[in-house]
Peer 1: 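This structure is in structure tokens; I'll ask about it shortly.
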There are 2 protein chains.
Amino acid sequence: MAIKLFIVDDHFMVIEGIHSLLQNENDIEWMGHAGNAASCLAFLHQQKPDVILMDVNLPDKSGIDLCKEVKERYPGIFIVGLSTYNQQSFIEKMMSNGASGYVIKNATQQELMEAIHTVVKGKQFLSFDAAVALRKPDTGHGMPVITRREKEVLELIADGMTNNEIAGKLFISSTTVDTHRKNLLTKFEAKNTASLIRIAAQLKII
Amino acid sequence: MAIKLFIVDDHFMVIEGIHSLLQNENDIEWMGHAGNAASCLAFLHQQKPDVILMDVNLPDKSGIDLCKEVKERYPGIFIVGLSTYNQQSFIEKMMSNGASGYVIKNATQQELMEAIHTVVKGKQFLSFDAAVALRKPDTGHGMPVITRREKEVLELIADGMTNNEIAGKLFISSTTVDTHRKNLLTKFEAKNTASLIRIAAQLKII
DNA sequence: CGGCTTATCCCTTAAAAACAGGATATTTTT
DNA sequence: AAAAATATCCTGTTTTTAAGGGATAAGCCG
């Protein structure tokens with residue numbers, strides 16, 4: 001029986017690329033694609049693929065969150081993370097949110113096929129680059145784990161808002177904002193706001 | 001005569017996607033692809049395409065630098081920037097380094113074809129998303145002209161140093177550092193240090 | 001030369017942020 | 001159900017920054 005495959009990626013060219021790579025594979029049934037998390041969930045409401053190739057970065061929500069959501073609702077579907085970067089932290093998060101595999105976008109056709117065939121059997125698959133990224137000891141400059149609220153505050157700080165303005169916007173006390181700020185500085189090992197924003201910008205968090 | 005096309009992108013799937021999109025176009029001659037800047041330059045040593053689709057992010061050097069280099073050596077080749085993100089700073093830099101067009105990776109086949117046909121005539125082409133990104137934040141996305149000293153100070157601020165530390169490092173008074181800081185805030189139209197660093201980071205100045 | 005830019009220096013004051021302690025309630029995970 | 005993480009709030013003190021005002025010397029360019 002052919003493996004039913006669905007793709008979530010907001011880049012038309014990537015979808016086209018994967019489609020092209022797989023069109024001659026007899027045991028893959030191309031079910032279609034979604035450009036964002038919402039239409040992916042809408043599709044899954046109607047139909048159930050065996051494997052989803054899921055981009056880590058989506059316009060409406062992160063693939064990491066979507067992965068968790070899909071796995072909770074449809075544990076039978078296997079998910080392969082797909083990313084431009086072999087960021088260790090992304091890989092780790094995807095896998096711990098229920099993904100069965102992870103493939104970098106410069107993977108070869110062979111790797112992609114191997115990934116699909118491996119995860120559909122319930123096993124895990126990491127593409128070569130992803131496995132290398134995971135193995136190398138954390139260089140310390142890994143992305144800190146920050147909470148949703150902390151990220152919100154971080155973005156508002158980067159927008160140049162003061163603690164009081166942020167407090168007003170989020171309907172919380174300014175002392176709370178200050179605490180989040182304190183925690184952000186600790187987590188990013190930043191000395192002050194300036195270095196915090198720089199580090200966050202370099203990690204593409206803002 | 002068919003338009004000779006070459007692609008520089010480190011993502012196999014994107015190359016495959018573009019190849020697939022263009023394989024039925026009779027007036028496009030697919031010359032091949034390079035996965036990094038070095039092999040692109042090596043290829044150009046041998047052959048001369050009419051148009052190059054060039055990813056902004058390459059493993060060995062930025063597409064922005066490569067664009068400049070290629071245009072200096074081969075002014076007759078037209079370059080279309082290619083990127084995952086519609087970052088206005090990227091678009092601006094590519095265009096000012098000699099690119100004739102800019103296309104986001106989620107562009108449609110129509111947009112891509114239009115881009116190639118437009119630039120080969122010597123005209124400019126911006127994909128819809130890129131044009132929107134360029135026009136939207138009209139309020140100060142042009143890169144400010146800063147002096148050497150100001151850039152020095154900016155970098156030290158981003159490193160998390162205080163005015164006094166910077167003063168000590170540069171052998172100047174801390175009030176001077178403060179003045180530079182003041183001027184930076186004015187030039188970047190930033191409200192405070194946080195937004196200053198964010199803007200500078202996004203413009204790749206730090 | 002004369003005007004312009006740059007780099008340097010100084011003052012004041014109010015606001016903001018950093019820092020150092022703490023506490024409590026709600027989720028989430030185990 | 002217990003433990004851990006998260007989000008919320010508090011009271012202080014000290015340091016830093018923002019933003020306003022000005023001033024002088026050196027170098028560059030037409």
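All chains are named by letter (A, B, ...) in the order of the sequence lines, taking the proteins before the strands, and each is independently numbered beginning at 1.
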Peer 1: Could you state the interatomic distance from CE (B:Met95) to CD1 (B:Ile79), rounded to the nearest 0.5 Å?
Peer 2: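 The distance works out to 11.0 Å.
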Peer 1: For the backbone of A:Leu58 and the side chain of A:Asp55, can you confirm whether one donor and one acceptor N or O come within less than 3.5 Å of each other?
Peer 2: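 A pair under 3.5 Å: no.
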Peer 1: Just call it for A:Lys68: base, sugar-phosphate, or nothing, with non-hydrogen atoms closer than 4.0 Å on any strand.
Peer 2: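 Contact class for A:Lys68: sugar-phosphate only.
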Peer 1: Whole angstroms only, please: what is the CD1-C1' distance between A:Ile157 and C:dA16?
Peer 2: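 Distance check: A:Ile157 CD1 to C:dA16 C1' gives 12 Å.
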Peer 1: Heavy atoms within less than 4.0 Å of DNA chain C: which residues of residues 161-183 of chain B have one? Give them sorted by number.
Peer 2: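 Residues of residues 161-183 of chain B that come under 4.0 Å of DNA chain C are, in numerical order, B:Ile172, B:Ser173, B:Thr175, B:Thr176, B:Thr179, B:His180.
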Peer 1: For the atom pair CG (B:Asn183) and CD1 (B:Ile146), what is the distance rounded to the nearest 0.5 Å?
Peer 2: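 Between B:Asn183 CG and B:Ile146 CD1, I get 11.0 Å after rounding to 0.5 Å.
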Peer 1: Is atom NZ of A:Lys169 surrounded by more than 12 heavy atoms (other residues, nucleotides or ligands) closer than 6.0 Å?
Peer 2: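 No, NZ of A:Lys169 has 12 or fewer neighbouring heavy atoms, counting only those of other groups under 6.0 Å.
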Peer 1: For A:Lys105, is there an ion pair with A:Asp9 - N to carboxylate O distance below 4.0 angstrom?
Peer 2: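 A:Lys105 and A:Asp9: salt-bridged.
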Peer 1: Would you say A:Lys48 has more than 12 foreign heavy atoms packed within less than 6.0 Å of its NZ?
Peer 2: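 Counting neighbours around NZ of A:Lys48, more than 12 heavy atoms of other residues, nucleotides or ligands fall under 6.0 Å, so yes.
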Peer 1: Indicate yes or no: does B:Arg73 engage B:Glu69 in a salt bridge with an N to O separation below 4.0 Å.
Peer 2: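 B:Glu69 and B:Arg73: salt-bridged.
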Peer 1: Can you tell me if A:Glu25 uses its side chain to pair, donor with acceptor, with the backbone of A:Leu22 under 3.5 Å?
Peer 2: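 No; zero donor-acceptor contacts below 3.5 Å.
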Peer 1: Return the angle between end axes of the helix from C:dC1-D:dG30 to C:dT30-D:dA1, with five pairs used per end and rounding to 10°.
Peer 2: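 It comes to 70° between the two terminal axes.
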Peer 1: Go through DNA chain D in 5' to 3' direction and return only the first and the last nucleotide with some atom under 4.0 Å of chain A's heavy atoms.
Peer 2: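 Taking any atom under 4.0 Å from a heavy atom of chain A, the span is D:dT6 to D:dT11.
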Peer 1: Using a strict threshold of under 4.0 Å (side-chain N to carboxylate O), is an ion pair present between B:Asp159 and A:Arg198?
Peer 2: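 Between B:Asp159 and A:Arg198 there is a salt bridge, with a charged N closer than 4.0 Å to a carboxylate O.
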Peer 1: Phosphate oxygens OP1/OP2 of C:dT8: is one of them under 4.0 Å from a side-chain N or O of B:Arg149?
Peer 2: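 Affirmative; the distance criterion is met.
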Peer 1: More than 12 heavy atoms of other residues, nucleotides or ligands under 6.0 Å from NZ of A:Lys151: is that the case?
Peer 2: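 Incorrect, the count does not exceed 12.
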Peer 1: Check the surroundings of atom NZ in B:Lys191: do more than 12 heavy atoms from other residues, nucleotides or ligands lie under 6.0 Å from it?
Peer 2: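 More than 12 within 6.0 Å, yes.
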Peer 1: Starting at CG of A:Leu156 and ending at P of C:dA17, how long is that distance when rounded to a whole Å?
Peer 2: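 Going from A:Leu156 (CG) to C:dA17 (P), I get 12 Å.
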Peer 1: Rounded to whole angstroms, how far apart are CG on A:Leu184 and C1' on C:dC19?
Peer 2: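 After rounding, the gap between these two atoms is 16 Å.
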